[in-house]
S.K.: 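Shown below is the structure under consideration.
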Amino acid sequence: MLNVSHVTKSYGKQLAVDDLSFALDPGSVTVLLGPNGAGKSTIMKAIIGFLRYDGDITVGGYPNKTPQARRLLGYIPEMPTLYPNLTVSEHLEFLARAYRLKNYKDKAAELLQRFELTDKARKFGDELSKGMQQKLNICLGLLPDPQVLLLDEPMIGLDPHAIKELKNMIEQMRSEGKTLLVSTHIIDSVDMLWDRTIIMQNGRICANVTRSELEGSARTLEELFFEVTEGIAAHEMQNPEPEEENAP
């Protein structure tokens, strides 16, 4: 459903994503793990179409920046970007009109109820606490009911009830055949959710395993994460790349 093929992205001389390739199937939850600066947010923004990059990304067989792909793709960013002069309800209405959603009001009301925002429906975006903003951010990402959903650090700032509801929504979407990619650096927050994990370090994929493969190795996800990332860091410290000589 989601295919990333040989994607590379640089910021000037800084290589943020280095020749990444992976494919995600329908009805699966993939956890994208890595320390800060590993390139997780960069590849997420490339998939959603916010960045220019080298390589190919397709959603449902369509190039990711085409209208066909955008209708299938949803995104919950790490940092909520809300309109200060729109209320909670108006945010949902604005999104529904942008996506040309019909009969969306029942689902919008259900999302507000599940994330305990019903009594905040008339509050403006800048009147909400950071946690409330994140919950509205999640509601906006879920309202269009995308076939492929990207979630970038979705648990940060959420209260325990909201975390439980989000995990329930993720499991529900998986059972409906949706494809989900969850980026995080907090392993405990997703330990029971995933079908596949992709671990990144320094812009590269250093592990891509299914839950059954990991269970067969008798290792936990946390053990694999530190084995891979700390092993790479130690290797690079012991074998640094030679510095370029200054031109005469």
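Along the sequence shown, the residues carry numbers beginning at 1.
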S.K.: Show, in sequence, the C-alpha distance, side-chain angles and deciding distance for Asp152 and Ile76, and conclude whether the side-chain contact (heavy atoms from CB on, under 4.5 Å) test is met.
M.R.: CA-CA 6 Å; Asp152 194 356; Ile76 298 176; over 6 Å; no

S.K.: Under a 4.0 Å threshold between the charged nitrogen and the carboxylate oxygen, would Glu171 count as salt-bridged to Lys167?
M.R.: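 A salt bridge is absent here (no side-chain N lies under 4.0 Å from a carboxylate O).
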
S.K.: Could you tell me the separation between the CG atom of Leu143 and the CD1 atom of Ile138, rounded to the nearest 0.5 Å?
M.R.: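 The CD1 atom of Ile138 is 13.5 Å from CG of Leu143, to the nearest 0.5 Å.
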
S.K.: Looking only at non-hydrogen atoms, find the nearest pair between Met173 and Leu142 and report the distance.
M.R.: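 Residues Met173 and Leu142, closest heavy atoms: SD-CD2, 3.8 Å.
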
S.K.: Within a 6.0 Å radius of atom NZ on Lys65, are there more than 12 heavy atoms belonging to other residues, nucleotides or ligands?
M.R.: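 Yes, enclosed.
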
S.K.: Taking side chain as C-beta onward, heavy atoms only, is Pro146 less than 4.5 Å from Leu73?
M.R.: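 When only atoms from C-beta onward are counted, Leu73 and Pro146 do not touch, as no gap falls below 4.5 Å.
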
S.K.: Going through the checks in order, is the side-chain contact (heavy atoms from CB on, under 4.5 Å) test met by Asp126 and Leu82?
M.R.: CA-CA 8 Å; Asp126 61 355; Leu82 304 178; over 6 Å; no

S.K.: Between atom CG of Leu33 and atom CG of Leu224, what is the distance when rounded to the nearest 0.5 Å?
M.R.: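 Result: 8.5 Å between the selected atoms.
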
S.K.: For atom CD of Glu213, is the number of surrounding heavy atoms from other residues, nucleotides or ligands below 6.0 Å larger than 12?
M.R.: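 Result for CD/Glu213: enclosed.
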
S.K.: Would you find a donor on one side and an acceptor on the other, under 3.5 Å apart, between the side chain of Asp18 and the backbone of Gly203?
M.R.: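 Not confirmed, Asp18 side chain does not pair with Gly203 backbone.
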
S.K.: Any chance the rings of Phe50 and Tyr75 have centres within less than 6.0 Å?
M.R.: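 Yes - the distance between ring centres of Phe50 and Tyr75 falls below the 6.0 Å cut-off.
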
S.K.: Among Asn208, Thr210, Asp25, find the one that has a side-chain hydrogen bond (donor to acceptor under 3.5 Å, both in side chains) with Arg196.
M.R.: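 That would be Asn208; it is the only one of Asn208, Thr210, Asp25 passing the side-chain hydrogen bond (donor to acceptor under 3.5 Å, both in side chains) with Arg196.
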
S.K.: Quiz question: by atom type and distance under 3.5 Å, do the side chains of Asp19 and Thr8 form a donor-acceptor pair?
M.R.: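 No, no side-chain donor-acceptor pair sits under 3.5 Å.
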
S.K.: Start with the C-alpha distance between Tyr83 and Phe124, add both sets of side-chain angles, then the distance that settles side-chain contact (heavy atoms from CB on, under 4.5 Å), and finish with yes or no.
M.R.: CA-CA 8 Å; Tyr83 297 99; Phe124 292 101; over 6 Å; no

S.K.: Is Thr30 close to Leu180 at the side-chain level, that is, under 4.5 Å between some pair of heavy atoms?
M.R.: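 Leu180 does not reach Thr30 side chain to side chain.
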
S.K.: Can you tell me if Thr229 and Gln201 form a side-chain donor-acceptor pair at under 3.5 Å?
M.R.: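 No donor-acceptor contact under 3.5 Å links the two side chains.
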
S.K.: Just checking Asp106: does its CG atom have more than 12 heavy atoms from other residues, nucleotides or ligands closer to it than 6.0 angstrom?
M.R.: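 Open: at most 12 neighbouring heavy atoms sit under 6.0 Å from CG of Asp106.
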
S.K.: Identify the two heavy atoms, one from Asn85 and one from Glu90, that lie closest to each other, and give their separation to 0.1 Å.
M.R.: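 The answer is O-OE1, 4.0 Å.
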
S.K.: Any donor-acceptor pair under 3.5 Å linking the side chain of Gln14 with the backbone of Tyr11?
M.R.: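 Side chain of Gln14 to backbone of Tyr11: no pair is present.
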
S.K.: If you take all heavy atoms of Leu149 and Gly141, which pair is closest and at what distance?
M.R.: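 Result for this residue pair: CD1-O, 4.0 Å.
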
S.K.: First locate atom CG of Leu24, then atom CG of Asp195, and finally report the distance between them rounded to the nearest 0.5 Å.
M.R.: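 Reported to 0.5 Å precision, the distance equals 10.5 Å.
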
S.K.: Can you check whether Asp145 reaches Lys178 side chain to side chain, under 4.5 Å on heavy atoms?
M.R.: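 Heavy-atom side-chain distance check passes, below 4.5 Å.
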
S.K.: Is there a side-chain contact between Phe225 and Pro35 in this structure, where contact means two heavy atoms from C-beta onward sitting under 4.5 Å apart?
M.R.: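 Sidechains of Pro35 and Phe225: in contact.
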
S.K.: Identify the two heavy atoms, one from Asn64 and one from Arg70, that lie closest to each other, and give their separation to 0.1 Å.
M.R.: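 Of all heavy-atom pairs spanning Asn64 and Arg70, the closest is O-CG, 4.0 Å.
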
S.K.: State, yes or no, whether a side-chain contact exists between Val148 and Met1 at a heavy-atom distance under 4.5 Å.
M.R.: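 Val148 vs Met1: side chains touch.
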
S.K.: Using a strict 4.0 Å threshold on nitrogen-to-oxygen distance, state whether Asp159 and Lys135 make a salt bridge.
M.R.: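 Result for this pair is yes, salt bridge flagged.
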
S.K.: Testing the basics here: between Lys40 and Ser183, what is the closest heavy-atom pair and its distance to 0.1 Å?
M.R.: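 Scanning both residues completely, I find the closest heavy atoms to be CB-OG, 3.3 Å.
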
S.K.: Restricting to non-hydrogen atoms, name the atom on Ser41 and the atom on Glu78 that form the minimum distance, rounded to 0.1 Å.
M.R.: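 The pair with the smallest heavy-atom distance is OG-OE1, 4.3 Å.
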
S.K.: Quick one: are Arg71 and Pro67 in side-chain contact, heavy atoms under 4.5 Å?
M.R.: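 Result yes, sub-4.5 Å side-chain heavy-atom pair found.
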
S.K.: Among Thr87, Leu112, Leu117, Leu101, find the one that has a side chain to side chain contact (heavy atoms under 4.5 Å, CB included) with Leu92.
M.R.: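 The residue from Thr87, Leu112, Leu117, Leu101 that satisfies side chain to side chain contact (heavy atoms under 4.5 Å, CB included) with Leu92 turns out to be Leu112.
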
S.K.: Should Tyr62 and Leu72 count as side-chain neighbours, where that means a heavy-atom distance under 4.5 Å?
M.R.: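 Sidechains of Leu72 and Tyr62: in contact.
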
S.K.: For the backbone of Arg114 and the side chain of His161, can you confirm whether one donor and one acceptor N or O come within less than 3.5 Å of each other?
M.R.: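 Yes, His161 side chain to Arg114 backbone: donor-acceptor pair under 3.5 Å.
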
S.K.: Working to the nearest 0.5 Å, report the span between CG of Leu95 and CZ of Arg97.
M.R.: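 It comes to 12.0 Å.
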
S.K.: Do the side chain of Thr184 and the main chain of Glu153 share a donor and acceptor less than 3.5 angstrom apart?
M.R.: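 No, because the side chain of Thr184 does not come within donor-acceptor range (under 3.5 Å) of the backbone of Glu153.
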
S.K.: Kindly indicate whether the side chain of Pro77, heavy atoms from C-beta on, has any atom under 4.5 Å from the side chain of Asn137.
M.R.: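 Contact flag for Pro77/Asn137 side chains = yes.
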
S.K.: Is it possible for you to check whether Lys102 lies under 6.0 Å from the centre of the six-membered ring of Tyr104, through NZ or CZ, and within 45° of that ring's axis?
M.R.: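 No.
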
S.K.: Can you tell me how far apart CG (Leu20) and OH (Tyr53) are? Round to the nearest 0.5 Å.
M.R.: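 One gets 12.5 Å once the value is rounded to the nearest 0.5 Å.
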
